[in-house]
Number of protein chains: 2
Amino acid sequence: MSELDQVRQAGERLTRQRRAVLQALDTQGGHVTAEQLCDALRGEFPHINTGTVYRILQWLKGHSLVSETDVGIGVKVYERVCNPRHHHLVCLNCHRTIDVDDRYFHPLATALKQDLGFQARIEHFAVFGYCADCARGK
Amino acid sequence: MSELDQVRQAGERLTRQRRAVLQALDTQGGHVTAEQLCDALRGEFPHINTGTVYRILQWLKGHSLVSETDVGIGVKVYERVCNPRHHHLVCLNCHRTIDVDDRYFHPLATALKQDLGFQARIEHFAVFGYCADCARGK
DNA sequence: CTCCTTATTGCAGCAGACTGCAATAAGAGG
DNA sequence: CCTCTTATTGCAGTCTGCTGCAATAAGGAG
Ligand SMILES: [Mn+2]
Ligand SMILES: [Mn+2]
Ligand SMILES: [Zn+2]
Ligand SMILES: [Zn+2]
């Protein structure tokens with residue numbers, strides 16, 4: 001929890017709810033929805049609601065501790081940001097979600113930084129398209 | 001409108017509403033919201049509603065005629081897909097939106113295709129991060 | 001041109017994500 | 001340990017985007 005201690009400098013507070021959301025994300029692993037997190041936290045916080053969970057997720061995202069991604073399932077998914085980073089390829093035909101290494105995205109970030117001075121935060125991308133199997137048929 | 005004639009093969013219909021949405025996107029140019037499109041079409045279709053507009057936009061997106069992008073303003077923006085393609089860098093600090101050429105993204109698509117056989121549809125990306133001015137201060 | 005099939009629209013309703021406000025509690029200071 | 005400030009929560013309400021269903025109209029056949 002050392003990453004979290006830094007935030008207290010700016011007057012931000014490390015509440016039980018925030019700790020619990022992060023812990024739930026670690027426990028569940030992978031892609032989790034706000035609704036799922038809310039349900040998981042109901043044991044400890046019977047009165048918690050999605051509004052609070054979404055606010056906490058935005059806050060965690062702002063601190064690069066959590067990523068928020070549209071992987072094409074109609075609901076945003078959240079995942080703990082941890083090294084090594086990974087991204088996803090989503091097939092528009094068979095709806096498969098394929099993991100892809102960060103090394104494919106790193107050159108992009110480097111180029112944007114070198115040429116334009118833009119510090120890209122590419123934490124957890126989803127690239128849509130057609131997977132090898134489906135591209136063949138099309 | 002020759003791109004549109006192709007769709008009729010599959011039994012899909014080229015309605016006045018669909019034509020009007022495409023035309024409105026061409027007329028307005030740049031990033032447009034579904035609400036703005038709906039308002040623009042009210043002159044010709046007094047009873048049109050956002051449900052229909054969103055459905056048409058999904059259909060156009062499916063045919064790669066329109067892109068749908070989250071550029072961080074809380075509402076999705078739609079834009080006519082036309083060559084040469086472009087993308088955007090969005091600053092998380094000053095909220096500026098910078099245009100960026102497709103050549104930065106083309107190597108990514110090529111690598112995904114060559115290594116993984118994945119045919120990426122990178123039509124109109126938004127990359128979040130910190131612009132040159134804001135990255136300096138941080 | 002008219003008829004027929006069925007894809008699409010209009011409408012109403014719903015789910016996901018966000019926000020204002022009063023009540024609560026983190027945590028700094030004494 | 002107690003007090004005080006104010007950031008955060010819980011709650012209710014709002015907005016964006018999507019969906020089911022009956023009515024409408026595109027466009028192929030005759
Ligand atoms: Mn992931
Ligand atoms: Mn654009
Ligand atoms: Zn596929
Ligand atoms: Zn900036």
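Proteins get letters first, then strands, A, B, ... in listed order; numbering begins at 1 in each.
- Taking atom CH2 on Trp59(A) and atom P on dA26(C), their separation rounds to 14 Å, with Å as the unit.
- Rounded to an integer number of Å, the gap from Gln17(B) CD to dT9(C) P is 5 Å.
- Between dG10(C) and Thr52(B), a contact under 4.0 Å exists linking OP1 or OP2 to a side-chain N or O.
- At dT9(D), one or more side-chain N or O atoms of Thr15(A) fall inside 4.0 Å of OP1 or OP2 (strictly under the cut-off).
- OP1 or OP2 of dC18(D) has not a single side-chain nitrogen or oxygen of Tyr54(B) nearer than 4.0 Å.
- If you run side chain to side chain contact (heavy atoms under 4.5 Å, CB included) between Val53(A) and each of Ile56(A), Asn49(A), Leu57(A), only Leu57(A) comes through.
- Under the 4.5 Å side-chain heavy-atom criterion for ILVMFWY residues, a single connected hydrophobic cluster contains both Val127(B) and Leu89(A).
- Among dT16(D), dT8(C), dA26(C), the nucleotide with an atom closest to any side-chain atom of Val75(B) is dT16(D).
- To the nearest angstrom, P of dA25(C) lies 11 Å from NE2 of His47(A).
- In this structure, Leu37(B) atom CG and dT16(D) atom P are separated by 14 Å, rounded to whole Å.
- Relative to the axis of its first five pairs, the axis of the last five pairs of the helix from dC1(C)-dG30(D) to dG30(C)-dC1(D) sits at 40°, rounded to 10 degrees.
- Judged by atom type and distance alone, Arg42(A) does not reach the base of dG10(D) through any side-chain donor-acceptor pair under 3.5 Å.
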Are Glu12(A) and His63(A) close enough, and set up right, to give a side chain to side chain donor-acceptor pair (under 3.5 Å), and what steps lead you there? CA-CA 11 Å; Glu12(A) 297 182 328; His63(A) 287 280; 2.8 Å; yes

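- Rounding to whole angstrom units, CD of residue Glu68(B) and P of dC18(D) are separated by 6 Å.
- Not a single donor-acceptor pair, N or O on each side, falls under 3.5 Å between the base of dT8(C) and the side chain of Arg18(B).
- In this structure, CD of Glu44(A) is placed 14 Å from P of dA25(C), rounded to the nearest angstrom.
- Of the candidates dA26(D), dG27(C), dG10(C), the closest approach to any side-chain atom of Ile48(B) belongs to dG10(C).
- Of all nucleotides listed (dA7(C), dG10(D), dG17(D)), dG10(D) comes nearest to the side chain of Arg55(A).
- Between the CG atom of Leu57(B) and the C1' atom of dT16(D) there is a distance of 13 Å, rounded to whole Å.
- Under the 4.5 Å side-chain contact rule for hydrophobic residues, Leu92(A) and Phe125(A) do not share a cluster.
- Applying the 4.0 Å criterion to OP1 and OP2 of dC18(C), one finds that Lys76(A) has a side-chain N or O inside that range.
- A continuous path of Ile, Leu, Val, Met, Phe, Trp and Tyr side chains, each step under 4.5 Å between heavy atoms, connects Phe45(B) with Val32(B), placing both in one hydrophobic cluster.
- Nearest to the side-chain atoms of Thr50(B) among the listed nucleotides dT9(D), dA26(C), dC18(D) stands dC18(D).
- Nearest-nucleotide assignment on DNA chain D puts the 5′-proximal partner with Asn49(B), out of Asn49(B) and Glu12(B).
- Here the shortest heavy-atom pairing between His87(B) and Asp101(B) reads CD2-O, 4.1 Å.
- Atom CD1 of Ile56(A) is separated from atom P of dA7(D) by 16 Å (rounded to the nearest Å).
- The aromatic rings of His88(B) and His124(B) lie perpendicular to each other, with more than 60° between the two planes, well past the 30° mark.
- Across every non-hydrogen atom of Leu116(A) and Ala132(B), the tightest pair is O-CB, 3.8 Å.
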